[in-house]
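What follows is a set of notes on a single structure, which appears directly below.
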Amino acid sequence: RATYSRLDRTPPAGISASYGVSIPLGRGMGASAVARVAGALAANEFEGRPLSREECMAVAADLEGHGDNACPAMFGGVQVCVTDNGRYLHVPARFPADATIAILIPDHSMATKDARKVVPDSFSKEDAVHNVGRAALFVAALSAGRFDLLDAATDDRFHQRQRASLFPPLFDIFGVARAAGAHAAWLSGAGSCVAAFCSEESGRPVAAAMLQKLQE
């Protein structure tokens, strides 16, 4: 419907859509953005592709409220995406070929609305400077293949400590991931999934260590 609104067209009568996805819901993995990108692309395809991929991404991102997940869902890989006067500006960042990400998927979900409630509306200047620097360091470390910097680059002050109140094992899981060989670990989106940046050979041991800690 949002795509047809963007096209200033009326959706055809009798059209329905079904959607199947393997991405777990309510786990901070961007499933809602994937669904919205899929819907925008499907409607655009049905109408003969009047919109560019950029415009389809904008439809999905507007529905999401940001482009953080819609942009990589549309274009793939690691994407840095910001809004600027109503436009979405994005640039792909390098993902090292010899790296992988282990994902811990807990059985329980974390509702995004609840996870957002525990994050404060404002932050100190010190914490803002800390996080802005880490965001830049993360992209630069990926580009340079400096895996040794990723742990520091994911040291967040904006949401992980606050959301650990909803998921108490969080920092213990980070710890066992690093001990098993992960370069860094973080809460994926609003949770409850935990992601760990690993070498190819350490991916499965890291995943096993995180799962064991969660079960404990």
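At least one donor-acceptor pair closer than 3.5 Å links the side chain of Ser52 to the backbone N or O of Glu55. With hydrogens and angles disregarded, a donor-acceptor distance shorter than 3.5 Å links the side chain of Gln79 to the backbone of Gly76. Between the side chain of Ser188 and the backbone N or O of Gly28, at least one donor-acceptor pair lies under 3.5 Å. Side chain of Arg53 to main chain of Met74: a donor-acceptor pair is present (N/O by atom type, distance under 3.5 Å, no hydrogens or angles). Remark: side-chain polar atoms of Thr100 are not paired, donor with acceptor, to backbone N or O of Cys198 under 3.5 angstrom. For the pair Thr83 (side chain) and Gly86 (backbone), a donor-acceptor distance under 3.5 Å is absent.
Looking at Asp148 and His183, their side chains never come closer than 4.5 Å, going by heavy atoms from C-beta outward. Using a 4.5 Å heavy-atom threshold, the side chains of Leu187 and His159 count as touching. Phe147 has its side chain within reach of Pro96: a pair of non-hydrogen atoms, C-beta onward, lies under 4.5 Å apart. The shortest distance between side-chain heavy atoms of Val59 and Arg36 does not fall below 4.5 Å. Between Pro50 and Asn44, the closest side-chain pair of non-hydrogen atoms falls below 4.5 Å. A heavy-atom distance below 4.5 Å is not found between the side chains of Trp186 and Asp156.
Looking at every heavy atom in both residues, Asn131 comes nearest to Asp155 through OD1-O, 4.2 Å. Listed here is the closest heavy atom pair of Phe167 and Ser192: CE2-O, 3.4 Å. Across every non-hydrogen atom of Ile103 and Ile101, the tightest pair is CD1-CG2, 3.5 Å. A pairwise comparison of heavy atoms in Ser32 and Glu64 identifies OG-OE2, 2.9 Å as the closest pair. Across all their heavy atoms, Ala196 and Ala182 have their closest contact at CB-CB, 4.0 Å. In terms of heavy-atom proximity, Cys56 sits nearest to Leu51 at SG-CB, 4.0 Å.
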Passes side chain to side chain contact (heavy atoms under 4.5 Å, CB included), Val37 versus Met57? Steps please.
-> CA-CA 6 Å; Val37 165; Met57 191 274 285; 5.6 Å; no
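The aromatic rings of Phe95 and Phe197 sit tilted, their planes meeting at an angle between 30° and 60°.
Every residue was checked against the salt bridge (charged side-chain N to carboxylate O under 4.0 Å, His left out) condition with Arg116, not counting sequence neighbours, and none meets it. Looking at residues two or more places apart in sequence or on another chain, you find no salt bridge (charged side-chain N to carboxylate O under 4.0 Å, His left out) involving Arg27. Applying the salt bridge (charged side-chain N to carboxylate O under 4.0 Å, His left out) rule to Arg134 yields no partners; only residues at least two apart in sequence or on another chain are considered. For Ala42, the side-chain contact (heavy atoms from CB on, under 4.5 Å) test picks out no residue, with sequence neighbours left out.
The CD atom of Gln160 lies 6.0 Å from the CG atom of Leu170; values are rounded to the nearest 0.5 Å. The OG1 atom of Thr3 sits 13.0 Å away from the CZ atom of Phe46 when rounded to the nearest 0.5 Å. Phe123 contributes atom CZ, which lies 12.0 Å from atom CZ of Arg157 (distance to the nearest 0.5 angstrom).
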N/O donor to acceptor pairs below 3.5 angstrom from side-chain atoms of residues 203-216, sequence neighbours left out:
{"unit_1": "Gln212", "atom_1": "NE2", "unit_2": "Glu216", "atom_2": "OE2", "d": "3.4"}
{"unit_1": "Lys213", "atom_1": "NZ", "unit_2": "Glu216", "atom_2": "OE1", "d": "3.2"}

Review item, side-chain donor-acceptor pairs of residues 7-17, under 3.5 Å, at least two apart:
{"unit_1": "Arg9", "atom_1": "NH1", "unit_2": "Glu47", "atom_2": "OE1", "d": "2.7"}

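One hydrophobic cluster, built from ILVMFWY side chains closer than 4.5 Å, cannot hold both Leu142 and Val82; they sit in different ones. Both Phe171 and Val194 are members of a single hydrophobic cluster when ILVMFWY side chains are connected at heavy-atom separations under 4.5 Å. Following chains of ILVMFWY side-chain contacts shorter than 4.5 Å, one can reach Leu166 starting from Ile173, so the two form part of one hydrophobic cluster. Connection of Leu150 to Leu137 is not established within any shared hydrophobic cluster, with ILVMFWY side chains joined at heavy-atom distances below 4.5 Å, either directly or through further cluster members.
No hydrogens or angles considered: a donor-acceptor pair under 3.5 Å links the side chains of Asp62 and Tyr88.
Surrounding CG of Asp98 are more than 12 heavy atoms belonging to other residues, nucleotides or ligands, all under 6.0 Å away. Counting non-hydrogen atoms of other residues, nucleotides and ligands closer than 6.0 Å to CZ of Arg49 gives a total of 12 or fewer.
Side-chain rings of His130 and Phe158 stay apart, their centers remaining 6.0 Å or farther from each other.
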